[in-house]
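Please read all numbers here as calculations on a predicted model, not as lab measurements. Values below: every heavy atom of this structure, side chains too, minus hydrogens, waters and symmetry copies.
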Amino acid sequence: MASGSVFTGELSWPEFEGRLKDDGTPIMIPLGSHEQHGLHMPLQTDVLLPTAFSARVAPLVGALVAPTFVYGYKSQQKSGGGQHIPGTLSLDGATYVSQVKEIIKELARNGARRFVMMNGHYENAWFMVEGIDLALRELRWDGIRDVKVVALSYWDFIDRGTIAKLYPDGFPGVELEHGGVMETSLMLALHPKLVHMDRVVDHAPASFPPYDVYPIKGEWTPRTGSLSSPKLATKEKGEVLLDVCTKGIVAALKKELGKG
């Protein structure tokens, strides 16, 4: 029996081959991390969120979803709390770049020509771009010149109106939203059993100087691991964010990729 799943890992190889015979079928690759997300959320938060967005978007643009990258680039103190907090398991930049490059090349070898990198971990961004660039370069060496990649982070589709509605007291910025209202609200909408609001500690957003020090100073990171308070997170806010981001991503992909 044929599978209607959008996940490549749930297809048999003939089903996978058949779906890729249509060279307009985009392949979405969620990029996550295994990283602490405060006292109240699981280490796989950055895996669950881009995977969920990919699963929602894929049927609306005729795409398939490849397995999620579960390890990401190193957590940075000003956007993820830092590598010093237990449970944060990360890859070196060269390793991460190679993984991105190789999976794009492997999928292209199987016939894929359109890709969407669905990033869910802030620190992945530049290493993702480097992997894409090297993949396209090496594919050109093999005579494959018709590959196109759209690289995005789901939070970039949150418009100013939504921010004003959800953050009436002010938006701390995407970097300081690590373990804060945005991610917590999305998790409450998608995976409420994995969120423990009773463990939330209300505190002011982290305040960092305009420079970095290595080795990092652990005391700069709030002791909870969250860079801003998740106290005002709600399922309803999560549903708004899901709707806004999904619609924005779908519109962008229909514009940039199309089919055929």
Side-chain angles (χ1 to χ4, degrees), residues 1-34 44 46-73 91 95-121 124-125 127-154 190-191 242 245-260:
M1 180 180 295
S3 170
S5 176
V6 297
F7 292 99
T8 62
E10 295 179 358
L11 305 178
S12 66
W13 75 259
E15 290 169 335
F16 178 76
E17 180 185 44
R19 300 279 283 274
L20 281 189
K21 280 184 178 178
D22 176 3
D23 64 1
T25 301
I27 302 291
M28 306 187 76
I29 305 175
L31 305 175
S33 70
H34 193 284
Q44 62 175 344
D46 283 353
V47 171
L48 294 171
L49 294 182
T51 303
F53 275 111
S54 296
R56 285 170 174 261
V57 169
L60 301 177
V61 297
L64 291 173
V65 182
T68 303
F69 280 36
V70 299
Y71 297 105
Y73 181 65
L91 300 176
T95 302
Y96 192 81
V97 167
S98 292
Q99 285 197 145
V100 172
K101 178 187 75 171
E102 294 302 328
I103 196 59
I104 292 174
K105 288 175 60 182
E106 275 296 280
L107 286 163
R109 182 177 63 81
N110 277 266
R113 291 295 183 268
R114 291 167 174 79
F115 297 88
V116 179
M117 313 305 285
M118 181 71 76
N119 184 34
H121 176 59
N124 285 341
F127 298 90
M128 168 184 70
V129 170
E130 179 70 1
I132 293 167
D133 182 65
L134 293 179
L136 295 179
R137 181 189 306 177
E138 294 183 16
L139 286 169
R140 287 194 295 269
W141 294 345
D142 292 333
I144 300 174
R145 299 177 178 274
D146 56 345
V147 171
K148 184 173 183 178
V149 183
V150 176
L152 60 88
S153 298
Y154 67 81
L190 291 166
H191 300 282
L242 277 172
C245 293
T246 298
K247 287 179 178 177
I249 294 168
V250 168
L253 297 185
K254 285 184 175 180
K255 176 183 178 181
E256 296 298 334
L257 297 181
K259 290 207 70 175

Minimum heavy-atom distance between [X] and [Y], given as atom pair plus value:
| X | Y | result |
| --- | --- | --- |
| Tyr154 | Gly120 | CE2-CA, 3.9 Å |
| Ala55 | Val65 | N-CG2, 4.4 Å |
| His121 | Ser33 | ND1-OG, 3.1 Å |
| Gly62 | Pro26 | O-CD, 3.4 Å |

Less than 4.5 Å apart, side chain to side chain, heavy atoms only: is that true for [X] and [Y]?
| X | Y | value |
| --- | --- | --- |
| Lys148 | Leu257 | yes |
| Met118 | Thr68 | no |
| Leu20 | Ile27 | yes |
| Arg56 | Leu190 | yes |
| Phe53 | Leu242 | yes |
| Phe115 | Ile132 | no |
| Asp133 | Arg137 | yes |
| Leu107 | Thr8 | no |

**Asked** Is the distance between the ring centroids of Tyr73 and Tyr96 less than 6.0 Å?
**Response**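 Ring-ring flag for Tyr73/Tyr96: false, centres at least 6.0 Å apart.
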Within this structure, what is the [atom1]-[atom2] distance for the pair [X] and [Y], rounded to the nearest 0.5 Å?
| X | Y | atom1 | atom2 | answer |
| --- | --- | --- | --- | --- |
| Arg113 | Leu139 | CZ | CG | 7.5 Å |
| Asn110 | Phe16 | CG | CZ | 4.5 Å |
| Trp141 | Lys105 | CH2 | NZ | 8.0 Å |

**Message:** If we ignore hydrogens and angles and just use 3.5 Å, is the side chain of Thr25 paired with the main-chain N or O of Arg19 as donor and acceptor?
**Reply:**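 Yes.
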**Item:** side-chain contact (heavy atoms from CB on, under 4.5 Å) partner of Met28, the single match among Leu253, Leu64, Val6
**Value:**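 For Met28, the side-chain contact (heavy atoms from CB on, under 4.5 Å) check succeeds only for Leu253.
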**Request:** Mind checking side-chain hydrogen bond (donor to acceptor under 3.5 Å, both in side chains) for Ser153 and listing every partner two or more places apart, or none if nothing turns up?
**Result:** Asn119
